[in-house]
Asker: 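One structure follows; several queries about it will come next.
Proteins get letters first, then strands, A, B, ... in listed order; numbering begins at 1 in each.
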Amino acid sequence: DGGITQSPKYLFRKEGQNVTLSCEQNLNHDAMYWYRQDPGQGLRLIYYSQIVNDFQKGDIAEGYSVSREKKESFPLTVTSAQKNPTAFYLCASRDRDVEYEQYFGPGTRLTVT
Amino acid sequence: AQTVTQSQPEMSVQEAETVTLSCTYDTSENNYYLFWYKQPPSRQMILVIRQEAYKQQNATENRFSVNFQKAAKSFSLKISDSQLGDTAMYFCAFMINNAGNMLTFGGGTRLMVKP
């Protein structure tokens, strides 16, 4: 089955620690995205990548970093510089030839205490 | 910068009735897409319906339809014959058709369908 996987579903970390969230897709999509969702709010774009070894900052990139070494993978690192890291994180991907449709993963709930 | 506003934080509807969720947006672009996404308690984002800005005809998908008013920058979602499974958060979203194709989301409307 083709799709996007995010693991784990729930992640707990202590304040001051970096943590990396996984996003893998087997849809052969070129573009990938990371969004953050806070309680009762909509999604906000953190980073996106349109091609391997290239990525751009979104609206709320501060305190986050990404890499895109493989087409299938787009990991997000939440660094200790992110002031409010507790949130729900969603990864999405898009086929280069279908500009309007993003497919979302199931998300990871990160709690930092 | 584009903004998307959903003015109804919460709404409720009786099963089998019709409900309309509101959305307004602001942009100076002419070539864009508008979407409604559903997020049930599982938190999986599900695309409900899509509208291309260049199309005058309103999009429909089974029980879901939109009222797209381009000049007014309004994009409402009508759910007919509401079902208990429609209970979810609904997000209006906007995408400019350019190199990045990023989505900009509204704050969401929590819809409760009552039996």
Asker: Does B/R63, at its CZ atom, have more than 12 non-hydrogen atoms belonging to other residues, nucleotides or ligands within less than 6.0 Å?
Answerer: yes
Asker: Output side-chain donor-acceptor pairs under 3.5 Å for residues 108-115 of chain B, partner residues at least two apart or in another chain, one line each.
Answerer:
from: B/T109; atom 1: OG1; to: B/Q6; atom 2: NE2; distance (Å): 3.4
from: B/T109; atom 1: OG1; to: B/Q8; atom 2: O; distance (Å): 2.6

Asker: Where does the angle between the aromatic ring planes of A/F104 and B/F105 fall among parallel (under 30°), tilted (30 to 60°) and perpendicular (over 60°)?
Answerer: perpendicular
Asker: Measure the CE-CD distance between B/M89 and A/Q37 for me, rounded to the nearest 0.5 Å.
Answerer: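 That separation rounds to 7.0 Å.
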Asker: For A/D54, does the CG atom sit with more than 12 other heavy atoms under 6.0 Å from it, leaving out its own atoms?
Answerer: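 Counting other residues, nucleotides and ligands, CG of A/D54 exceeds 12 neighbours.
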Asker: Quick check on B/Y32: does its OH atom have over 12 non-hydrogen neighbours (other residues, nucleotides or ligands) under 6.0 Å away?
Answerer: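 Enclosed: over 12 neighbouring heavy atoms sit under 6.0 Å from OH of B/Y32.
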Asker: Could you please spell out the steps behind the side-chain contact (heavy atoms from CB on, under 4.5 Å) verdict for B/F35 and A/E101?
Answerer: CA-CA 10 Å; B/F35 306 85; A/E101 189 154 14; over 6 Å; no
Asker: Which one wins on heavy-atom pair count under 4.5 Å against chain B: A/S49, A/A92, A/G105?
Answerer: A/G105
Asker: Can you say whether B/S42 sits under 4.5 Å from chain A via the side chain, the backbone, both, or neither, judging by heavy atoms?
Answerer: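 Interface part for B/S42: backbone (N, CA, C, O).
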Asker: Which pairs count as ring pair (Phe, Tyr, Trp, His ring centres under 6.0 Å) when at least one residue sits in residues 43-62 of chain B, sequence neighbours excluded?
Answerer: none
Asker: Checking B/R50 against chain A: side chain, backbone, both or neither under 4.5 Å from a heavy atom?
Answerer: side chain
Asker: Give a yes or no on this: more than 12 heavy atoms of other residues, nucleotides or ligands lie within 6.0 Å of atom CD1 of B/I46.
Answerer: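 It does: B/I46 CD1 has more than 12 such atoms within range.
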Asker: For side-chain contact (heavy atoms from CB on, under 4.5 Å), just list the numbers for A/L43 and B/M45, CA-CA rounded to whole Å, side-chain angles, deciding distance to a tenth of an Å, and then say yes or no.
Answerer: CA-CA 10 Å; A/L43 282 65; B/M45 294 293 286; 4.0 Å; yes
Asker: What's the separation between atom CZ in A/R94 and atom CE in B/M102, rounded to the nearest 0.5 Å?
Answerer: 10.0 Å
Asker: What is the minimum heavy-atom distance between B/Q39 and A/F88, and which atoms define it?
Answerer: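 Taking B/Q39 first and A/F88 second, the nearest heavy atoms are NE2-CE2, 4.1 Å.
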Asker: Check B/N101 against A/Q102 and note the closest heavy-atom contact, atom names and distance.
Answerer: O-NE2, 2.9 Å
Asker: Taking atom CD of B/Q83 as the centre, report whether more than 12 heavy atoms of other residues, nucleotides or ligands fall under 6.0 Å from it.
Answerer: yes
Asker: Which bit of A/Y35 comes within less than 4.5 Å of chain B, counting heavy atoms only: side chain, backbone, both or neither?
Answerer: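 A/Y35 touches chain B through side-chain heavy atoms alone.
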Asker: Would you say NZ of A/K14 has more than 12 non-hydrogen atoms from neighbouring residues, nucleotides or ligands within 6.0 angstrom?
Answerer: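 No - once you tally the heavy atoms of other residues, nucleotides and ligands closer than 6.0 Å, there are 12 at most.
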